[in-house]
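Just below is one structure, and these are the notes that go with it.
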Amino acid sequence: MQSISRPALRLAVGGAVRLPSSAAAHRPRRLLARRATPVCLAAQRGAVELLLDKVPGEGQVLSAKLSPDVRQRAERAIKARGGRVTVGDVASTAGLRLDEAEGALRALAADSQATLQVASDGEIVWVFPSGFEATIASKSWRLRAEPAFKAAKAGLEYLVRVAFGTALIASVCAVYIAIMAIASGGSDRDDRRRGGGGGYYGGPRVYFDLTDLLWYWDPFYYRNRRQRMLEQQQERQGGMNFLEAIFSFVFGDGDPNEDFDRKRWQAIGRYIQSRGGTVVAEELAPFLDLQPSQLAADRGSRVTVDESYVLPVLARFNGRPEVDDAGQIQYVFPDLQQTATAARRPSPPAPAAMEQRWQLTAATAGQQLGAIGLGAVNLVGVAALTFMLQNPVNQLALARNGLLGIIGLMPFLQAYAAAFFALPLFRSLRNAGRNADIDRRNSTRQEALRLLANPDPLLRQKLAAAQAAARQNVITNRDVIYRSDRPLASQPTDLEADSFEARLQARERERQQAAGQRPPPATAAPQQQQQPPGNRAGEDDSPLWWRQQQDEQRRRRQQ
């Protein structure tokens with residue numbers, strides 16, 4: 001029995017596929033095709049199971065070790081493709097790197113009892129059962145707890161936004177209550193001096209509790225927020241309440257292009273695969289970051305054209321440059337040419353790779369005016385209270401009214417009042433520079449899209465040559481030579497002879513159709529020994545796996 005590598009050994013096991021975590025370091029796809037058949041013939045299931053018991057990583061949930069973003073994107077891509085995918089299908093649909101897509105497929109297949117199918121050319125198809133996500137989640141408490149963690153994070157972010165707006169209202173109330181207490185203490189002293197009487201005439205005591213400001217919080221706001229935002233959008237109103245608008249005015253609403261890279265790589269992968277895995281640089285330019293000088297609008301008068309902006313795409317999807325007969329460069333992506341489902345070829349790319357400009361806030365004009373007005377009132381009040389507290393008599397007035405704690409809070413109130421306007425000013429200046437760069441990149445992409453929509457003769461020739469060289473290998477069930485969900489005895493044994501006989505019958509039918517005769521019905525390939533194509537009688541240079549098939553077939557006939 002010849003030595004068997006671990007990937008090939010696992011491929012030979014009938015039933016569900018279980019892959020070791022160490023297998024993600026290399027890619028044995030074509031190696032599996034060469035070794036699958038001899039392993040199926042030589043390995044005995046009992047011995048294989050004994051060997052598998054010694055493989056490290058058994059019983060581990062490999063999907064839990066993946067990045068949540070990579071795992072979720074791979075799962076969505078698998079579902080979008082109907083559960084039967086190749087590595088190129090997942091990489092192009094999810095926008096993942098090929099190594100990320102293959103690692104995710106290995107882990108998901110190991111945890112969901114997926115099936116491996118090996119085609120005759122060595123490509124591997126991964127077949128996942130329906131509901132495989134639930135099967136994987138049931139094996140790990142971390143995966144089951146992810147939705148709860150995500151909901152808790154979203155709730156905490158909402159509380160932070162609302163608390164910042166509440167702090168502004170609390171600051172205004174605390175500052176002006178302190179000012180009123182100081183003013184009332186001063187009027188009491190004047191009354192005592194005018195009356196000339198002794199004794200103690202304390203002013204009105206004002207006891208203030210900041211928690212009283214929390215009465216207007218809706219404890220069910222987060223649960224009902226999405227529905228209210230939908231109703232507000234339908235009424236063309238803002239999608240946030242006033243407290244969130246205050247936070248939005250000061251800190252903004254985050255990066256508007258947070259998902260830009262993910263969506264861009266998804267669009268690039270789908271476009272390349274739909275174009276048969278062969279494109280030219282001008283087709284990718286509307287998606288990428290390039291300089292205006294790289295557009296090559298004047299290519300006819302230039303000796304060289306800079307296409308270095310394509311390098312990130314080549315690195316991500318394992319592409320390579322090739323030169324056609326006319327001396328033009330094409331970019332070929334062999335992994336994206338292999339698919340389990342045919343993809344429709346689209347028109348030239350739509351302007352989907354346009355970045356959004358940064359904005360100061362997403363609050364409505366009325367909410368912005370209210371936030372600015374309330375912030376100005378707070379700033380004036382903090383400045384006035386700071387000046388008044390320089391007099392020790394006023395500090396004593398606050399102490400007599402139970403507001404001595406406000407003196408200790410003054411540094412925080414001053415910092416809050418100053419930052420309320422300083423941060424938006426800084427962000428507006430920073431956003432101006434960001435938006436200038438975004439406008440430049442978007443303008444260059446628009447120009448690249450215009451050149452692609454109205455190609456010159458040279459670009460038209462390049463596009464035609466790329467499409468002539470495009471190919472798409474759709475792997476169907478008829479192309480499969482090994483399935484991991486079948487026992488070893490049920491795997492095909494005389495693949496080359498069957499394929500050779502099928503080609504002979506197809507050629508005979510074509511000849512008879514051309515002669516106007518009625519072709520005979522297609523019959524199954526006879527179970528007789530055939531010489532492999534290209535070998536003459538008496539030669540013994542056929543592959544080892546083919547000779548083993550013939551030996552096995554002769555052994556069965558003798559039995």
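Note that this is a predicted model, so its numbers are computed, not measured.
- Salt-bridge check for E146 with R71: passed, with a basic side-chain N closer than 4.0 Å to an acidic carboxylate O.
- Salt bridge R460/D456: absent, no basic N to carboxylate O contact under 4.0 Å.
- Scanning for side chain to side chain donor-acceptor pair (under 3.5 Å) contacts around Y331 gives E307, with sequence neighbours left out.
- When ring centroids are compared, F242 and F247 stay outside the 6.0 Å threshold.
- The backbone N or O of A154 lies less than 3.5 Å from no partner atom in the side chain of E157, so there is not a single donor-acceptor pair.
- At least one donor-acceptor pair under 3.5 Å links the side chain of S138 to the backbone N or O of T135.
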Exercise. Going through the distances and angles, do S428 and N431 end up as a side-chain hydrogen bond (donor to acceptor under 3.5 Å, both in side chains)?
Worked result: CA-CA 5 Å; S428 64; N431 289 350; over 6 Å; no
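- The CZ atom of F128 sits 14.0 Å away from the CZ atom of R81 when rounded to the nearest 0.5 Å.
- Salt-bridge check for R264 with D289: passed, with a basic side-chain N closer than 4.0 Å to an acidic carboxylate O.
- Using modelled atom types, one finds no donor on one side chain facing an acceptor on the other under 3.5 Å when comparing Q291 with T444.
- The shortest distance between side-chain heavy atoms of D255 and W358 falls below 4.5 Å.
- Nearest heavy-atom pair across L62 and A110 is CD1-CB, 4.0 Å.
- Contact of the I407 side chain with the L404 side chain is registered, since non-hydrogen atoms from C-beta on lie closer than 4.5 Å.
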For this session: Before giving the answer on ring pair (Phe, Tyr, Trp, His ring centres under 6.0 Å), spell out for F426 and F421 the whole-Å C-alpha distance, their side-chain angles and the decisive distance to 0.1 Å.
Result: CA-CA 9 Å; F426 171 76; F421 291 101; over 10 Å; no
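- Contact detail for L398 and A181: the closest heavy-atom pair is CD2-CB, 4.1 Å.
- Side-chain atoms of D111 do not come within 3.5 Å of backbone N or O of I136 as any donor-acceptor pair.
- Although no hydrogens or angles enter the test, the distance criterion places a donor-acceptor pair under 3.5 Å between the side chain of Q337 and the main chain of G276.
- Remark: D437 does not engage R434 in a salt bridge, criterion side-chain N to carboxylate O under 4.0 Å.
- Rounding to the nearest 0.5 Å gives a distance of 11.0 Å between CG of N241 and OG of S248.
- The heavy-atom pair separating K462 from V280 by the smallest distance is O-CG1, 3.8 Å.
- Side chain of Y176 to backbone of V377: a donor-acceptor contact under 3.5 angstrom is found.
- Residues that satisfy the salt bridge (Lys or Arg N to Asp or Glu O under 4.0 Å) test with R84, not counting sequence neighbours, are absent from this structure.
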For this session: Start with the C-alpha distance between I329 and E322, add both sets of side-chain angles, then the distance that settles side-chain contact (heavy atoms from CB on, under 4.5 Å), and finish with yes or no.
Result: CA-CA 6 Å; I329 299 178; E322 293 184 356; over 6 Å; no
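- Nearest heavy atom pair, residue S63 against residue L143, reads CB-CD1, 4.4 Å.
- Smallest separation of non-hydrogen atoms from Q472 and T339: CG-CG2, 3.7 Å.
- With respect to the salt-bridge test (charged N to carboxylate O, under 4.0 angstrom), the residues E133 and K79 qualify.
- Panel note: side chain R427, backbone V250; a donor-acceptor pair is recorded below 3.5 Å.
- Under the 4.5 Å side-chain criterion, counting only non-hydrogen atoms from C-beta, M354 is not in contact with R441.
- Look at D253 and R161 and you find a salt bridge, because one of the NZ, NE, NH1 or NH2 atoms lies within 4.0 Å of a carboxylate O, short of that distance.
- The distance from atom CG of N435 to atom CD of E355, rounded to the nearest 0.5 Å, is 10.0 Å.
- Two residues are said to be in side-chain contact when any heavy atoms from C-beta on lie closer than 4.5 Å; L385 and I406 meet this criterion.
- Side chains of R106 and W126 form a contact here, defined as non-hydrogen atoms less than 4.5 Å apart.
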Exercise. Hey, mind stepping through F333 and V313 against side-chain contact (heavy atoms from CB on, under 4.5 Å) and telling me if it holds?
Worked result: CA-CA 10 Å; F333 299 84; V313 184; 3.8 Å; yes
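- The nearest pair of heavy atoms linking G375 to F420 is CA-CE2, 3.6 Å.
- Side-chain atoms of T386 come within 3.5 Å of backbone N or O of V382 as a donor-acceptor pair.
- Here the CD1-OG1 distance, from I272 to T278, works out to 10.0 Å after rounding to the nearest 0.5 Å.
- Residues Q368 and T364 are not in side-chain contact: their nearest non-hydrogen atoms beyond the backbone lie 4.5 Å or more apart.
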For this session: Would you check, one step at a time, whether the test side-chain contact (heavy atoms from CB on, under 4.5 Å) holds for Q266 with T93?
Result: CA-CA 6 Å; Q266 287 178 348; T93 304; over 6 Å; no
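- Between D439 and R357 there is a salt bridge, since at least one side-chain N of the basic residue sits less than 4.0 Å from a carboxylate O of the acidic one.
- Separation of atoms CG (D335) and CD (Q338) is listed at 7.5 Å; rounding is to 0.5 Å.
- Distance alone, capped at 3.5 Å, is enough to place a donor-acceptor pair between the D324 side chain and the A326 backbone.
- Within 6.0 Å of atom CZ in R430, 12 or fewer heavy atoms from other residues, nucleotides or ligands are found, so the atom counts as exposed in its surroundings.
- In this structure, CG in N394 is found 4.5 Å from CD1 in I182, a value given to the nearest 0.5 Å.
- In this structure, W265 and P312 have side chains that are in contact, with non-hydrogen atoms separated by less than 4.5 Å.
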Problem set entry | Chi angles and distances behind the side-chain contact (heavy atoms from CB on, under 4.5 Å) call for E102, L98 | CA-CA 6 Å; E102 187 167 9; L98 284 173; over 6 Å; no
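- A donor-acceptor pair is defined here as one N or O able to donate and one able to accept, closer than 3.5 Å; no such pair exists between the side chain of N378 and the backbone of L374.
- Using a 4.5 Å heavy-atom threshold, the side chains of L314 and R320 count as separate.
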